[in-house]
Amino acid sequence: ALKNSSSQFTILLAEKLKITYTYTMLAMHLTHTFFQTRSYLNHDRFFIATAALVLACKILDHHVDLRSVASKFYTLHCERVLGKKKELITDALTKAVRERICQAEEDIVSALKYDFEMTVPTQYVPELIPILVEATEKERVFKLSKVFVLDFYRTGGSLFYKALDIMLAAILLANFVLKGSDNKGT
């Protein structure tokens, strides 16, 4: 439940920030990696998830404005976690949230021992899709496989399987599901 709630928070925050699924997957992987060696009791999972999203953007060379992240985090945190209406976010509150996100990012980097050699499943899409999927189905299979990969990342399974295996399984499953759904009427 804790993994799922932090993953769901990451997905919602990424949507608010208009950050694509590749960064979201890496952020969830970073969060799960962090909590593999750290306790949920000692770290706020929502700040860790947010910091992981910021770190994922940095790793994959995507600029994200930390002020915007802090503001969107605060709004989402109020709505989803605290269950209260968002208060007006002041400069002082934005600064305090940014500082907590930066501290959480530092905690993640420390837990990773500064090892950022990570792959994301989507890097294999250009190689796999043409080989495994009919040309007319590429877009549909790709979209559905993204959903499968994001769902898989919510479980923390990315800690146990290689990125290539995850993407391969997602593409094969998406292809199977779409082919099966197209043939049901015949």
Side-chain angles (χ1 to χ4, degrees), residues 1-36 45-46 48-65 68-69 72-73 76 80 105 108-109 111-112 114-186:
L2 296 173
K3 281 182 187 176
N4 189 43
S5 67
S6 62
S7 294
Q8 184 63 30
F9 191 84
T10 304
I11 291 168
L12 293 171
L13 184 59
E15 286 174 359
K16 285 187 173 288
L17 292 166
K18 296 179 178 33
I19 294 174
T20 65
Y21 62 93
T22 301
Y23 305 101
T24 308
M25 282 186 276
L26 182 55
M28 287 190 282
H29 181 74
L30 291 168
T31 302
H32 297 319
T33 302
F34 176 81
F35 281 117
Q36 188 176 22
R45 67 184 178 277
F46 302 109
I48 294 295
T50 302
L53 189 59
V54 170
L55 187 56
C57 289
K58 289 178 180 178
I59 290 170
L60 297 173
D61 289 330
H62 176 74
H63 173 72
V64 64
D65 177 42
S68 177
V69 172
K72 302 269 193 267
F73 167 86
L76 187 61
R80 293 292 183 143
E105 184 180 356
I108 294 169
V109 169
L112 292 173
Y114 298 89
D115 180 13
F116 299 115
E117 282 297 316
M118 294 177 198
T119 56
V120 289
T122 53
Q123 77 184 51
Y124 299 107
V125 168
E127 298 165 25
L128 294 175
I129 290 277
I131 295 170
L132 301 171
V133 182
E134 294 175 17
T136 58
E137 295 294 314
K138 286 181 182 179
E139 189 63 31
R140 288 178 64 203
V141 168
F142 178 62
K143 285 180 181 178
L144 186 55
S145 67
K146 288 189 308 189
V147 171
F148 289 147
V149 170
L150 277 174
D151 266 356
F152 183 75
Y153 267 77
R154 290 171 68 138
T155 68
S158 63
L159 298 174
F160 307 105
Y161 295 96
K162 294 178 182 169
L164 174 61
D165 297 337
I166 294 168
M167 196 70 237
L168 179 62
I171 290 170
L172 291 174
L173 182 59
N175 200 25
F176 177 77
V177 167
L178 291 172
K179 288 256 187 225
S181 67
D182 288 345
N183 293 332
K184 289 201 189 271
T186 58

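Predicted model, so just to flag it, every value in this text is computed and none were measured. Residue numbers start at 1 and run along the sequence shown.
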Undergrad: What's the shortest heavy-atom distance between Y161 and I166, and which atoms?
TA: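 Taking Y161 first and I166 second, the nearest heavy atoms are O-CD1, 3.7 Å.
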Undergrad: Does a salt bridge link R140 with E134, judged by any charged N lying under 4.0 Å from a carboxylate O?
TA: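 Here R140 does not pair with E134 in a salt bridge, since their nearest N and O are not under 4.0 Å apart.
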Undergrad: Under the side chain to side chain donor-acceptor pair (under 3.5 Å) test, which residues partner T33, sequence neighbours left out?
TA: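 Partners of T33 by the side chain to side chain donor-acceptor pair (under 3.5 Å) criterion come out as none, since no residue qualifies.
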Undergrad: Does the side chain to side chain contact (heavy atoms under 4.5 Å, CB included) test come out yes or no for K16 and L12, once each step is laid out?
TA: CA-CA 6 Å; K16 285 187 173 288; L12 293 171; 5.8 Å; no
Undergrad: Nearest 0.5 Å, what's the CD1-CD1 distance between I171 and I129?
TA: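 I171 atom CD1 to I129 atom CD1 measures 4.0 Å (nearest 0.5 Å).
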Undergrad: When you compare the side chains of T31 and R45, does any donor N or O come within less than 3.5 Å of an acceptor on the partner?
TA: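 No, no side-chain donor-acceptor pair sits under 3.5 Å.
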Undergrad: Would you please indicate if the ring centroids of F46 and F73 are separated by under 6.0 Å?
TA: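 So the answer is no for these two rings.
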Undergrad: To the nearest 0.5 Å, how far apart are OG1 in T20 and CG in L60?
TA: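 So the OG1 of T20 and the CG of L60 are separated by 8.5 Å.
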Undergrad: Can you name the closest pair of heavy atoms from A56 and A27 and give their distance?
TA: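 For A56 and A27, the tightest heavy-atom pair comes out as CB-N, 3.8 Å.
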Undergrad: Side-chain contact, heavy-atom cut-off 4.5 Å: L150 with K146?
TA: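 Counting from C-beta outward, L150 and K146 never come under 4.5 Å.
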Undergrad: Would you check if F142 and K138 make a side-chain contact, meaning some heavy-atom pair closer than 4.5 Å?
TA: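 No, their side chains stay 4.5 Å or more apart.
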Undergrad: Measure the CG-OG distance between L13 and S6 for me, rounded to the nearest 0.5 Å.
TA: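 If we round to the nearest 0.5 Å, L13:CG and S6:OG are 12.0 Å apart.
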Undergrad: Roughly how far, to the nearest 0.5 Å, is CE of M167 from CD of E127?
TA: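 E127 CD to M167 CE: 12.0 Å, rounded to 0.5 Å.
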Undergrad: Looking at CZ of F35 and CD1 of I108, how far apart are the two atoms once the value is rounded to the nearest 0.5 Å?
TA: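 The CD1 atom of I108 is 8.0 Å from CZ of F35, to the nearest 0.5 Å.
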Undergrad: Does any N or O in the side chain of S68 come within less than 3.5 Å of the main-chain N or O of V64, such that one atom is a donor and the other an acceptor?
TA: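 No; judged by distance alone, with no hydrogens or angles, the pair does not exist.
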Undergrad: side-chain contact (heavy atoms from CB on, under 4.5 Å) with T50: which of L76, T10, V69?
TA: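 For T50, the side-chain contact (heavy atoms from CB on, under 4.5 Å) check succeeds only for V69.
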Undergrad: With a 4.5 Å heavy-atom cut-off, do L26 and L53 have their side chains touching?
TA: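 Side chain of L26 against side chain of L53, heavy atoms only: no contact under 4.5 Å found.
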Undergrad: Restricting to side chain to side chain donor-acceptor pair (under 3.5 Å), what partner residues turn up for Q36, sequence neighbours left out?
TA: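 Side chain to side chain donor-acceptor pair (under 3.5 Å) check on Q36 returns nothing, list empty.
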Undergrad: Please identify each residue that fulfils salt bridge (Lys or Arg N to Asp or Glu O under 4.0 Å) with K58, with sequence neighbours left out.
TA: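 Partners of K58 by the salt bridge (Lys or Arg N to Asp or Glu O under 4.0 Å) criterion, ordered by chain and then number, come out as E105.
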Undergrad: Taking all non-hydrogen atoms of both residues into account, name the closest pair between V177 and F148 and its distance.
TA: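 The pair with the smallest heavy-atom distance is CG2-CZ, 4.2 Å.
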Undergrad: When you measure from the side chain of N175 to the backbone N and O of V141, does any donor-acceptor pair fall under 3.5 Å?
TA: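 Checking the backbone N and O of V141 against the side chain of N175, no donor-acceptor pair under 3.5 Å is found.
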Undergrad: Go through the steps for L30 and I59 under the test side chain to side chain contact (heavy atoms under 4.5 Å, CB included), then give the verdict.
TA: CA-CA 11 Å; L30 291 168; I59 290 170; 4.2 Å; yes
Undergrad: How long is the straight-line distance from NZ of K143 back to CD of E137, given to the nearest 0.5 Å?
TA: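 Going from CD on E137 over to NZ on K143, the span is 12.0 Å.
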Undergrad: Just wondering, do P121 and K162 contact through their side chains at under 4.5 Å, heavy atoms?
TA: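 No, side chains not in contact.
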